[in-house]
Amino acid sequence: MTTTTDLSFIHRFEPATEPGRPPLLLLHGTGGDETDLLPLGRMIAPGSALLSPRGQVLENGAPRFFRRLREGVFDEADVVRRAHELADFVTEARAAYGLAALVAVGFSNGANIAAAVLQLRPEALAGAALLRAMVPLAEPPPVDLTGKPVLILSGAMDPIVPADNAARLAAILMQAGAAVMHQTLPTGHGLSQADVTLTKTWIDQL
Ligand code: MLT
């Protein structure tokens, strides 16, 4: 069953079908929407509640979670504003649907906003799987992420995310105390079967 309650983001919500499974916050990439990652969510976390908002920024009609000036160059003031809006939505949705702390699963632009939420509103997330993520904020404020589980999956042939940028993100989150697992897969920007398998294994041991 999918429900949509009137909250601050257009979204889909699928209730849990098994107790005790971590609820997921699914965050799509540029041009996606709230339906995009539901099939992925069902594969990587069968039985979990799924909360999937649509990004509120439009880039030539393509939904995103924050504005960018061009590919890989972000409007950081907008990143900050939108990360807070998303964290507020998470609070609203947890109250509306009675959810435990959410684990974000973000792809590309969705992974980048999830990383920004971790850095700006760490209490909003129990952890995050960041698929093809890059550094969202050049100078993030100090944050304590002690013990927060973070999975970063990068693509060795990714034309959008330079390898050193993904490595820098992993280092920043690790320095803040997060329990970071960073793996680079022999693939590009798109998701592969290995992303599904590794993310499922990571969620299973949360
Ligand atoms: C971004 O803009 O967040 C990244 O460049 C990834 C993308 O959405 O293409």
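Ligands are counted one by one from 1 in listed order, and the atoms in each one are counted from 1 as well. Computed from a prediction, not measured in an experiment: that's the story for all the values here.
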Salt bridge or not between D204 and R21? Use side-chain N to carboxylate O under 4.0 Å. yes

Does R121 come within less than 4.0 Å of E123, counting only side-chain N to carboxylate O? yes

Quick note, ring-ring contact (aromatic ring centres under 6.0 Å, His included) partners involving residues 65-87, not counting sequence neighbours, are H28-F65, F66-F74

Name the residues in contact with ligand 1, where contact means a heavy atom under 4.0 Å away: which are they? T30, R64, F66, R68, G72, F74, S108, N109, N112, I160

Please list all pairs meeting salt bridge (charged side-chain N to carboxylate O under 4.0 Å, His left out) that have one or both residues in residues 133-160, counting only residues at least two apart or in different chains. none

Derivation and outcome, side-chain contact (heavy atoms from CB on, under 4.5 Å), residues D195 and L40: CA-CA 10 Å; D195 289 281; L40 175 72; over 6 Å; no

Residues which pass side-chain contact (heavy atoms from CB on, under 4.5 Å) with Q175, listed by chain and number, not counting sequence neighbours: none

